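The structure displayed is predicted, hence computed values, not measured ones. Below, chains carry the letters A, B, ... as their sequence lines are ordered, and counting in each starts from 1.
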There are 2 protein chains.
Amino acid sequence: MAELFHPAPEAISLTAVLAAIGEPTRLAIVKRLDQADCGINCGQAAPCPDLAKSTMSNHFRVLREAGVIRMVKRGVENINTLRREDLDSRFPGLLDHILRVAD
Amino acid sequence: MAELFHPAPEAISLTAVLAAIGEPTRLAIVKRLDQADCGINCGQAAPCPDLAKSTMSNHFRVLREAGVIRMVKRGVENINTLRREDLDSRFPGLLDHILRVAD
DNA sequence: ATCCGTAATTCGGAATTAACGAACTAATGG
DNA sequence: CCATTAGTTCGTTAATTCCGAATTACGGAT
């Protein structure tokens, strides 16, 4: 069970972040993580239950590899959190701004 | 010669805009258009001359259909401008913010 | 009108990516 | 040990991206 890849804060790419968030399902995931006050697992963060699990798994992987979310395994589930401080240090205010205009 | 499609200002989708800008070549095009004080054609807006023209044409189409740029035919060329006011009315400050964090 | 050069789009293909179901792995509880 | 829950991996199919070659569109010169 290899450890999950996360880019270092300074290696987070703007276009990768925008591309990751620029997809309706993934934006919905980010919005849900933003509203949550603590990390939540993939099932709870998923906006629509009609999508295949494998599809959701892919969406979470894209968000993680872009540096948007942090994923840690806890027991049988993955706990997801937004990488707020890392995103803010690299792109100050960007995440908040996007979430604000996203209704 | 059909008229070029542009989404109405209120029909511009956030995820479409983010996905359009979330690609290095297209972000470079947007940055160049931002620095230009008047509309410029596709060749001048292209950041790298080694890309095929058909590829660039596609990138411009993506930006146009997402509502990021306006394209008007003038003679033999297309004049491209950022749709600042439309983007700002729909997503206030977003474009400036992205351009600011994009170095 | 016809031909030429410039600017950009369209077409056909190979390569990459996305979504899905099915099978699989990992952790926990009975 | 077996069942359950939570996700991942795999193989297929559909869609997208990128490219070069061919094509259209326009403007100017002949």
Side-chain heavy atoms of B/Arg84 within contact of B/Leu95, under 4.5 Å:
yes

Taking the nucleotide of DNA chain D with the nearest heavy atom to each, does B/His59 or A/Cys42 sit closer to the 5' end?
A/Cys42

Send over the distance from B/Leu51 CG to C/dA7 C1', rounded to a whole Å.
17 Å

Atom-pair distance (CD on A/Glu77; P on D/dT4), nearest Å:
19 Å

Candidate nucleotides C/dA19, C/dA7, D/dG7, ranked by approach to the side chain of A/Asn78 - the nearest:
D/dG7

The nucleotide from D/dC19, C/dC20, C/dA8 with an atom nearest the side chain of B/Lys53 is C/dA8

Main-chain N/O of B/His97 paired with A/His97 side-chain donor or acceptor, under 3.5 Å:
no

Looking at D/dC10, C/dA19, D/dG7, which one has an atom nearest to any side-chain atom of A/Ser54?
D/dC10

In whole angstroms, how far is the P atom of D/dT5 from the CD1 atom of A/Ile40?
20 Å

Ranking C/dA19, C/dG21, D/dC18 by distance to the side chain of A/Ala52, first place goes to C/dG21

Compare the minimum distances between each of D/dC26, D/dG7, C/dA26 and the side chain of A/Val76, then state the nucleotide with the smallest one.
C/dA26

Looking at side-chain heavy atoms only, is the closest gap between B/Arg70 and B/Asn80 below 4.5 Å?
no

Spacing of B/Ile79 atom CD1 relative to C/dA8 atom P, expressed in whole Å
8 Å

Looking for any heavy atom pair under 4.0 Å, which part of the strands does A/Asn41 touch: base, sugar-phosphate only, or nothing?
sugar-phosphate

Distance in angstrom units between B/Met56 CE and C/dA7 P, rounded:
14 Å

A/Arg61 CZ - C/dA18 C1' separation (whole Å)
10 Å

Return yes if some donor-acceptor pair links the side-chain N/O of B/Arg26 with the main-chain N/O of B/Ala20 below 3.5 Å, else return no.
yes

CG of A/Asn58 versus P of C/dA22: gap in Å, rounded?
18 Å

Indicate whether OP1 or OP2 belonging to D/dT8 is found under 4.0 Å from a side-chain N or O atom of A/Ser57.
yes

Are the side chain of B/Asp88 and the backbone of B/Gly93 linked by a donor-acceptor contact shorter than 3.5 Å?
yes

Please state how far atom CD in A/Glu23 lies from atom C1' in D/dT16, giving the value in whole angstrom units.
14 Å

